[in-house]
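As structure tokens, the structure follows; a few thoughts come after it.
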Amino acid sequence: MHTAEALGPLDPLQRLLYCDDFNTGVNGWGSLIGNYEDRVDAMLPEYMDMRPPMLSNLSMWDAGTSGAIGGSYGLKLATRPKPGRFCVAIKRSTFRSWGPLRVEAIYTFKPEAAALELGETGVRAFGVLLDLQHADGQAAEPLRVMPHVRYLNALDGERVERWQYKSEREPFVDIGTRNKTWSHFHLKSTNWVDIPRGDQRLCYNEIATKHNWYYMRLDFDLATMNFLGFRSNERDLDVTGIEPMQIPAMPNLWSMLNVAFFVESDADTRAFFYLDRVAVSTT
Amino acid sequence: MKQSHTAAIELGTTWEGAFETEPYETAWASEAIFFVRLLDGELAPSTTARVQIAPDGIHWANEGTEITLPTGSDTTTFARVSHFGGWLRLVGELPSGVSLPVIVHLVLKE
């Protein structure tokens, strides 16, 4: 597929860094692996629990295959079938200029249709995060900056339907014995804060096997490391003044531009999050 | 050039008693290899796991292929499968009292 065709309903800034529609592979979107030394099971338990994303043609037991919007395949994130479990897909790159950055996605979410019920509270949350660090020499006091936005769909079986952000960082844990490897599970479902007027009811549809696709757009300034905007379908949310998570710069992460999507389960069913396409662009 | 993909579907997971890997979608692929690596411990020879397929990731059936699990630390075994449709997983049961950390790779090719 040509890039112009893959962009479809997206509205990128002037310089397209990448546009992925998942019809020819995972395009760099892989597992979020926890840090470890010596033994792979030294990573934090939340990371041990995650499974890799996969290419899906959205086949349901009743309706068969519907495919994604732009072709047969989308990227699927699937949790394990227990409450509070996560799956994350991350694409890692670096930036070559600092200015406005735009992340756009066409996505949908549902629980696994293992039971003949609506399942509208099976998915606790899904969202997008950036993992950034100032370029070498960009700032007098360089930072690692991690803007997080999620849609809290449900909590403990009750619908919430609200966009949130997270500024507070989770503590770092020293992994191993060499004082070189640290880890933190920054997605932990605590310390999320409501975005002002961030309530939004999305089209969930009427059974668990029917998917409607949505649009999200995150705008972030790599110069000031501040939010510029967040749009969900028809709605622009007010993210001015919202602080992204910040950490003193780390030794090996200069100019990092990582984009990740995540999903968290709220029930004893797998929570699924699908990406039809993703575009990341700058000015 | 053919598409290919390796998924680390279990990464240091501890198997104990009955086990199953999480469902993995494979509709685009025509051939697959399951690799099972035992990180620590020992397992009696001839312990096997079964490959299963499903139309929907929910209702599973034995595909017919079995994989003999590794018996010693840092050893690996594998099983090849083809013509499997949209989903694959591995199921089995370890002997009572046995607990083993494993890495399972699913290697797919168009």
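Quick note on labels: first sequence line is chain A, next is B, and so on, each numbered from 1.
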Open item on the list: With a 4.5 angstrom heavy-atom cut-off, is it the side chain or the backbone of B:Ala8 that approaches chain A, or both, or neither?
Closed with: backbone
TODO: Answer with side chain, backbone, both or neither: which region of A:Thr209 has an atom nearer than 4.5 Å to a non-hydrogen atom of chain B?
DONE: neither
- [ ] Give, as side chain, backbone, both or neither, the part of B:Glu10 having an atom under 4.5 angstrom from any heavy atom of chain A.
- [x] both
Open item on the list: If we define contacts as heavy-atom pairs under 4.5 Å, which of B:Pro55, B:Ala54, B:Pro23 has the most with chain A?
Closed with: B:Pro23
Task: Heavy-atom closest pair, residues B:Thr13 and A:Arg80 - done: OG1-NH2, 3.8 Å
Task: Nearest heavy atoms of A:Met43 and B:Leu11, plus distance in Å - done: CE-CD2, 4.1 Å
Open item on the list: Taking side chain as everything from C-beta outward and backbone as N, CA, C, O, which of these in B:Leu39 sits under 4.5 Å from a heavy atom of chain A? Side chain, backbone, both or neither.
Closed with: side chain
- [ ] Could you tell me whether B:Arg80 atom CZ has more than 12 heavy atoms of other residues or ligands within 6.0 Å of it?
- [x] no
Task: Interchain contact, A:Ser56 with chain B, by part (heavy-atom threshold 4.5 Å) - done: both
- [ ] Would you indicate whether the side-chain heavy atoms of A:Met54 and B:His5 approach each other to under 4.5 Å?
- [x] no
Task: Euclidean distance, A:Ser59 OG relative to B:Trp87 CH2, rounded to 0.5 Å - done: 7.5 Å
Open item on the list: Heavy-atom count check: over 12 atoms from other residues, nucleotides or ligands less than 6.0 Å from B:Phe78 CZ?
Closed with: no
Open item on the list: Please classify the contact of B:Ser4 with chain A as side chain, backbone, both or neither, using a heavy-atom distance under 4.5 Å.
Closed with: neither
TODO: Quick one: closest heavy-atom pair of B:Gly57 and A:Glu112, and the distance?
DONE: O-OE2, 3.6 Å
Open item on the list: Could you measure the distance from the CG atom of A:Asn23 to the CD atom of B:Gln3? Nearest 0.5 Å is fine.
Closed with: 10.0 Å
Open item on the list: Less than 4.5 Å to any heavy atom of chain B: does that hold for the side chain of A:Tyr73, its backbone, both, or neither?
Closed with: side chain
TODO: Answer yes or no: is there a side-chain heavy-atom contact under 4.5 Å between B:Glu25 and A:Leu55?
DONE: no
Task: Heavy-atom pair count under 4.5 Å with chain B, highest-scoring of A:Ser72, A:Pro53, A:Gly25, A:Ala78 - done: A:Pro53
- [ ] Answer yes or no: is there a donor N or O on one side and an acceptor on the other, between the side chain of B:Tyr24 and the main chain of A:Pro52, under 3.5 Å?
- [x] no
TODO: Could you have a look at B:Leu108, B:Thr14, B:Asp40, B:Thr21 and say which one has the most heavy-atom pairs with chain A under 4.5 angstrom?
DONE: B:Asp40
Open item on the list: Counting only heavy atoms not in A:Tyr36 (residues, nucleotides, ligands), do more than 12 fall under 6.0 Å from its OH?
Closed with: no
